[in-house]
Amino acid sequence: MNKSQSLTTIIAPIVKSLFSKGIIEKVDASRILRNAKLTSTTSVHPYVTLSDYKLNNKLTNKPVSIEYIAQFVAEMNEIDYLKVDPTKVNVNKVTGAVSQAYATKHKILPVAIDAEAVTFAVADPKDTSWVEELQRILKLNVIRVHSNPLDIQRLLFEFYGVNKSVKQAQKQHKNRKIDSILNLEQLVKLGSKGDLSADDQHIVNIVDWLLQFAFDQRASDIHLEPKRNESIVRFRIDGRLHNVYVLPTMVMSAVVSRIKILSRIDVAEKRKPQDGRIKTLSSEAKEVELRVSTMPTTFGEKCVMRIFDPDAVVEKYEDLGFSKDEIKQWLQMINRPNGIVLVTGPTGSGKTTTLYSTLRQLATEDVNVSSVEDPIEMVFPELNQMQVNPKIGLEFSSGIRTLMRQDPDIIMVGEIRDLETAKMAVQASLTGHLVLSTLHTNDAPSAINRLLDLGVPDYLLRSTLAGVIAQRLVRLLCPHCKEASPVDAEAWESLVHPWKIDMPDNLYHKVGCLECRNTGYHGRTGVYEIMPINSGLRKLIKEKMPAETIAKESYNLGMQPLRLSIAALLKSGRTSLEEAIKLVPPEYD
């Protein structure tokens with residue numbers, strides 16, 4: 001907005017239109033206009049001033065937020081509205097359209113460009129003074145869309161700042177530039193002669209921006225993938241990967257080196273995989289931990305950072321997605337003096353979050369909870385956590401042996417991978433400890449056969465295994481834009497087979513809106529299959545029955561299979577049929 005304009009001049013048309021359309025009360029409109037007259041100018045944006053009144057939309061009963069006000073003003077001025085999604089913007093390309101100084105002066109942000117037009121997100125939909133000039137200079141049509149002015153201000157700094165850092169890094173590298181890297185062997189021979197310094201300020205800026213950007217986008221993983229000429233940065237958000245940036249390969253090499261320094265792993269070693277961890281702060285000053293993994297690939301080191309947000313570890317099982325009956329079953333399994341409780345599922349199914357949430361509730365003042373992990377994914381003061389280190393002979397099995405001498409009440413084993421670890425977990429259980437661990441199987445019944453296949457004697461398994469829980473993470477439909485649709489009977493039958501479950505009249509499907517970045521989904525929740533071990537199952541274990549037989553017996557005893565847990569979430573309108581079908585495990589005929 002123009003600084004010379006008074007606050008009343010800017011706010012009055014918006015407030016009057018909000019009132020005329022029945023969105024706000026007359027008393028609120030009068031109060032806002034009266035206060036605006038008392039304030040000639042303000043450094044705070046008028047949209048912020050309006051949102052600070054905490055008004056509710058009378059028509060929808062939703063808050064009149066800055067985003068809503070921006071969208072409303074766009075409609076008033078007959079201009080399209082855009083919620084800028086940074087992951088969908090080609091920053092390298094758009095920042096070449098205009099300079100940072102020009103964009104900042106006019107409060108415009110380039111968000112898209114092609115052979116015919118360039119699109120700008122504008123903070124002031126009425127200001128067109130720059131359009132004709134820019135069309136003449138660029139020889140392109142200029143398309144204006146209105147966006148949240150605070151987003152424009154923040155992204156102007158981020159887009160141009162990171163692009164400037166990348167270009168400066170390229171410039172520094174230019175004088176000692178090596179011809180394109182052909183393969184990994186050539187990279188190893190070249191050593192670091194062609195690399196940028198990982199301590200260069202431009203590289204530091206790129207890494208700092210990258211981490212904060214990932215936190216802001218709710219990413220669970222950051223992927224840095226080197227290619228021949230250009231390297232890709234991808235974020236995993238709600239279980240799906242999104243391309244977010246493209247870096248020159250030699251700049252990517254320096255970025256990875258910087259990350260290796262931060263995670264305290266060997267920067268010079270590029271021939272073998274390495275693991276490390278970073279602890280940092282988000283923009284809200286919240287502590288965030290990242291697990292770093294590097295591996296050599298054809299064109300350089302690929303780096304993946306898994307982000308562990310302590311807020312993901314919850315105090316209430318309901319927040320993990322447990323139903324009331326599932327909470328009751330889970331508490332019966334973990335509130336016992338000894339036995340083995342297993343959490344199973346594929347990588348990325350939320351097993352770690354379930355275990356940590358459980359351990360933090362079990363770790364009271366009178367209980368000693370110790371763990372042996374590879375790696376320690378999140379550090380909590382309530383737990384005594386030990387890191388596996390194969391280089392010095394500290395494996396899971398030897399770690400459990402050590403913990404048993406530390407007078408523990410509860411032991412958490414990061415993962416049961418081999419017979420020796422399984423035997424030590426059994427031994428710990430037999431000597432009076434509760435042991436919690438993870439296992440990679442598709443469902444709960446398969447965990448028994450997995451342990452038997454590893455070589456655990458059936459008589460030990462019968463006497464120690466207390467229960468198994470299998471889980472998945474399901475994407476939730478965005479509550480702001482989901483829509484009902486008729487049920488595809490064939491798809492429904494495929495989901496719940498072989499069970500006969502009443503088909504609902506309607507299900508919901510994804511649409512996409514500003515709140516969910518047009519993905520149709522926002523957030524994830526867990527679905528579970530809980531299998532307590534009882535006398536009937538112990539008999540089947542003794543007879544070494546296949547997983548199919550164990551599964552059918554468990555279902556007969558009341559265990560709800562994962563398929564039906566996912567179907568229940570679907571019927572409640574919280575996820576889509578498309579998402580549900582992707583996650584169901586193989587059925588037992």
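Nearest heavy atoms, Q135 versus V142: OE1-N, 3.2 Å. When all heavy atoms are compared, the tightest approach of P504 to V487 is O-CG2, 3.1 Å. When all heavy atoms are compared, the tightest approach of K58 to G22 is CB-O, 3.5 Å. Counting all heavy atoms, side chain and backbone alike, V94 lies closest to A112 at CG1-N, 3.6 Å. Residue L473 comes nearest to G348 through the heavy atom pair CD1-O, 3.6 Å, listed as atom of the first residue, atom of the second, then distance. Heavy atoms only, all atoms of each residue included: C481 and V511 are closest at O-CG2, 3.0 Å.
Between the side chain of R472 and the backbone N or O of V584, no donor-acceptor pair lies under 3.5 Å. Between the T104 side chain and the A101 main chain, no donor and acceptor come within less than 3.5 Å of each other. The backbone N or O of I501 sits less than 3.5 Å from a side-chain atom of W492, completing a donor-acceptor pair. Panel note: side chain S220, backbone R236; a donor-acceptor pair is recorded below 3.5 Å. Panel note: side chain R563, backbone L495; a donor-acceptor pair is recorded below 3.5 Å. Using modelled atom types, no side-chain atom of S494 and backbone atom of E490 make a donor-acceptor pair closer than 3.5 Å. Between the side chain of S263 and the backbone N or O of I278 there is no donor-acceptor pair closer than 3.5 Å. In this structure, the side chain of H509 engages the main chain of E483 through a donor-acceptor pair within 3.5 Å. For K351 (side chain) and P346 (main-chain N/O), a donor-acceptor pair under 3.5 Å exists by modelled atom type.
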**OP:** Go through the steps to decide whether I113 and L140 satisfy the test side-chain contact (heavy atoms from CB on, under 4.5 Å), and finish with yes or no.
**Re:** CA-CA 9 Å; I113 186 169; L140 293 170; 4.2 Å; yes
Original post:
For D216 and Q212, what are the C-alpha separation, side-chain angles and deciding distance, and is it a side-chain hydrogen bond (donor to acceptor under 3.5 Å, both in side chains)?
Top reply: CA-CA 6 Å; D216 292 343; Q212 292 301 330; over 6 Å; no
Original post:
Where do K107 and D124 land on the side-chain contact (heavy atoms from CB on, under 4.5 Å) test, with the steps shown first?
Top reply: CA-CA 8 Å; K107 296 183 178 62; D124 184 353; over 6 Å; no
**OP:** List the steps, then state whether side-chain contact (heavy atoms from CB on, under 4.5 Å) holds for E318 with I327.
**Re:** CA-CA 8 Å; E318 291 92 336; I327 292 173; 3.6 Å; yes
**OP:** Starting from the C-alpha separation in whole Å, work towards a yes-or-no answer on ring-ring contact (aromatic ring centres under 6.0 Å, His included) for F120 and W130.
**Re:** CA-CA 11 Å; F120 289 91; W130 51 275; 5.4 Å; yes
Subject >> Stepwise side-chain contact (heavy atoms from CB on, under 4.5 Å) check, R277 with I376 >> reply: CA-CA 9 Å; R277 60 190 311 110; I376 297 173; 4.1 Å; yes
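In this structure, F308 places its CZ atom where more than 12 heavy-atom neighbours from other residues, nucleotides or ligands lie under 6.0 Å away. The local environment of NZ in K105 is sparse, with at most 12 non-hydrogen atoms from other residues, nucleotides or ligands closer than 6.0 Å. Atom NZ of K83 has more than 12 heavy atoms from other residues, nucleotides or ligands within 6.0 Å. The local environment of CD in Q153 is sparse, with at most 12 non-hydrogen atoms from other residues, nucleotides or ligands closer than 6.0 Å. In this structure, D114 places its CG atom where more than 12 heavy-atom neighbours from other residues, nucleotides or ligands lie under 6.0 Å away. Heavy atoms from other residues, nucleotides or ligands lying under 6.0 Å from NZ of K21 number 12 at most. Environment of NZ in K16: sparse, with no more than 12 heavy atoms of neighbouring residues, nucleotides or ligands closer than 6.0 Å.
Distance check, rounded to the nearest 0.5 Å: CG of L150 to OH of Y47 gives 10.5 Å. Once rounded to the nearest 0.5 Å, the distance linking CG of L570 with CG of L577 reads 5.5 Å. Once rounded to the nearest 0.5 Å, the distance linking CE of M295 with NZ of K302 reads 5.5 Å. Expressed to the nearest 0.5 Å, how far CG of N243 lies from CD of E225 amounts to 8.0 Å. Rounded to the nearest 0.5 angstrom, K126 NZ and I79 CD1 are separated by 12.0 Å. A distance of 4.5 Å separates CD1 of I259 from CG of L224, quoted to the nearest 0.5 Å.
Taking a cutoff of 4.0 Å between a charged side-chain nitrogen and a carboxylate oxygen, R291 and D275 do not qualify as a salt bridge. Between R240 and E579 there is a salt bridge, since a side-chain N of the basic residue sits under 4.0 Å from a carboxylate O of the acidic one.
Between H106 and Y102, the two ring planes are tilted [angle within 30° to 60°].
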Could you list the donor-acceptor pairs under 3.5 angstrom formed between side-chain atoms of residues 24-32 and any protein atom two or more places apart in sequence or on another chain?
| unit_1 | atom_1 | unit_2 | atom_2 | d |
| --- | --- | --- | --- | --- |
| D28 | OD1 | R31 | NH2 | 3.0 |
| S30 | OG | K26 | O | 3.1 |

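Considering only heavy atoms from C-beta on, H480 stays 4.5 Å or farther from C516 through its side chain. Counting heavy atoms from C-beta on, the side chains of L290 and L211 come closer than 4.5 Å. With a 4.5 Å cut-off on side-chain heavy atoms, F72 and M76 count as touching. Using a 4.5 Å cut-off on side-chain heavy atoms (C-beta onward), H202 and V251 make no contact.
Just one residue in the list F235, F213, W209 forms a ring pair (Phe, Tyr, Trp, His ring centres under 6.0 Å) with Y245, and that residue is W209. The only option from V145, V111, N148 that meets the side-chain contact (heavy atoms from CB on, under 4.5 Å) definition with V84 turns out to be V111. Paired with Q471 under the rule side-chain contact (heavy atoms from CB on, under 4.5 Å), one option of T354, L320, V527 passes, and it is T354.
Judged by distance alone, the side chains of W330 and T358 do bring a donor and an acceptor atom under 3.5 Å apart. A donor atom on one side chain and an acceptor atom on the other are found under 3.5 Å apart for T249 and S231. With hydrogens and angles left out, the side-chain atoms of H242 and T87 include no donor and acceptor closer than 3.5 Å.
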